[in-house]
Amino acid sequence: MKEFELIKHFFTKQSVNRKDVVLGIGDDCAVISPIENQNIVVTTDTLVAGVHFPFDTSPRAIGHKAVAVNLSDLAAMGAKPSWLSLAITLPDIDETWLTEFCQGVFDLCEFYNVQLIGGDTTQGPLSITITAQGLTPEDGYLSRSGAKSGDWLYVTGELGDAALALQHITGRVDIDANFVDAIKEKLDYPKPRVLAGQAIREYASSAIDLSDGLIADLGHICQASNVGANIVLDDLPISDIMLETLGKTVAIDTALTGGDDYELLFTVAEDNKVGMETALINTGVAITCIGQLNGSAKITTTIDNKPVSINAQGFEHFSKDDH
Ligand code: ADP
Ligand code: MG
């Protein structure tokens with residue numbers, strides 16, 4: 001199978017066929033025709049084998065995750081996902097691998113009515129770059145910069161399970177055999193909070209998706225919005241499996257610093273709390289208030305209302321200890 005056969009066989013078969021895609025895969029460019037008075041929101045994310053996922057990750061999980069991390073960025077902007085481009089670099093043509101990879105990609109695309117409209121296919125070490133585009137009403141997007149002192153700090157879902165799974169895979173932690181699959185699912189099949197992102201769009205003052213760990217990503221909101229924050233550690237949403245596996249202290253640390261959660265972190269003014277909570281009910285996504293913003297320009301943490309110091313950092317490429 002050669003490049004063009006490969007593209008035709010694997011990437012042109014999808015059930016999504018959006019009205020706003022004038023010209024999809026097969027020409028020099030795709031042509032898309034968005035509705036008037038909407039913003040197009042664009043994001044790109046790359047996954048490199050051995051960096052963003054362990055080499056032995058299943059192809060379906062890689063496909064899912066490559067799409068999910070991009071949709072998660074759109075979710076953080078309150079956007080409704082619409083189109084994807086996929087640049088894939090493959091060491092060789094393995095049809096079984098590609099079939100499963102496409103399953104991961106297209107399952108998620110179908111769920112959110114997202115159409116693959118183009119891409120690039122090259123040979124080399126496995127790497128996947130996806131550009132995702134979505135729509136918001138004019139001026140109706142969320143950003144990192146609107147948070148105000150006094151706003152409440154919320155997260156969706158539970159924190160740290162993906163990091164726990166990675167610790168297990170790399171042999172640093174033992175998880176009870178009954179729970180390994182559930183925890184690995186969190187790492188391999190993150191759920192982008194697409195519906196929650198759109199639901200909070202009218203109510204949240206800022207939002208970000210959690211890819212590098214709570215402390216690191218909260219730092220981005222604080223910096224962009226020029227605020228500080230206090231996190232109430234007693235209130236962090238932590239799974240029972242993580243509590244049992246790591247104990248409270250290490251579990252909290254993992255929830256603060258572990259990457260790959262792809263939950264939303266967002267801020268809401270007191271006046272918008274009820275509206276936000278009501279809007280979220282239909283999405284079925286659980287949220288937890290984990291603290292409040294202040295004017296301190298610092299991130300602090302408390303347990304039992306008492307300040308505690310944390311030695312927490314998120315994941316950063318090119319930092320001293322990582323690559
Ligand atoms: P060109 O060389 O003109 O840039 P290509 O030959 O790379 O185009 O690709 C041919 C068509 O197939 C284009 O429409 C391109 O967007 C699409 N395409 C290539 N690779 C992929 C892929 N991995 N996923 C989806 N579409 C792809
Ligand atoms: Mg061309």
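Small disclaimer: the values here were computed from a predicted structure and weren't measured. Atoms within a ligand are numbered from 1 in the order they appear, just like the ligands themselves.
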Exercise. Taking both backbone and side-chain atoms of I117, is any N or O found less than 3.5 Å from an N or O belonging to ligand 1?
Worked result: no

Exercise. For ligand 1, which atoms, with element, lie under 4.0 Å from some heavy atom of L116?
Worked result: 24 (N), 25 (C)

Problem set entry | Residue pairs, two or more places apart or on separate chains, that pass salt bridge (charged side-chain N to carboxylate O under 4.0 Å, His left out) and touch residues 237-247 | none

For this session: Only heavy atoms count here, so choose which of D27, I25, D28 is nearest to atom 13 (C) of ligand 1.
Result: D27

Exercise. Do D92 and W97 have side-chain atoms, one donor and one acceptor, less than 3.5 Å apart?
Worked result: no

Exercise. Cut-off 3.5 Å, side chains only: do S296 and N294 have a donor facing an acceptor?
Worked result: yes

Exercise. Pairs in or reaching into residues 151-178: which pass salt bridge (charged side-chain N to carboxylate O under 4.0 Å, His left out), with residues at least two apart or in two chains?
Worked result: E158-K186, D161-K186

Problem set entry | Any side-chain donor near an acceptor of the partner, T300 and N230, under 3.5 Å | yes

Problem set entry | Nearest neighbour of atom 10 (C) of ligand 1 from the list L90, L84, I7, L6, on a heavy-atom basis | I7

For this session: State, without any angle test, whether E110 and S15 hold a side-chain donor-acceptor pair at a distance under 3.5 Å.
Result: yes

Problem set entry | Donor + acceptor pair across side chains of S85, T131 (<3.5 Å) | no

Problem set entry | Distance filter under 4.0 Å to F4 heavy atoms, resulting ligand 1 atoms | 6 (O)

Problem set entry | Numbered atoms and elements of ligand 1 in range of I88, under 4.0 angstrom, heavy atoms | 23 (N)

For this session: Below 4.0 angstrom from a heavy atom of G118, which ligand 1 atoms are there? Numbered from 1 as shown, please.
Result: 16 (O), 24 (N), 25 (C), 26 (N), 27 (C)

Problem set entry | Test item, F10 contacting ligand 1 (heavy atom, 4.0 angstrom) | no

Exercise. Is there a nitrogen or oxygen of G26 sitting under 3.5 Å from a nitrogen or oxygen of ligand 1?
Worked result: yes

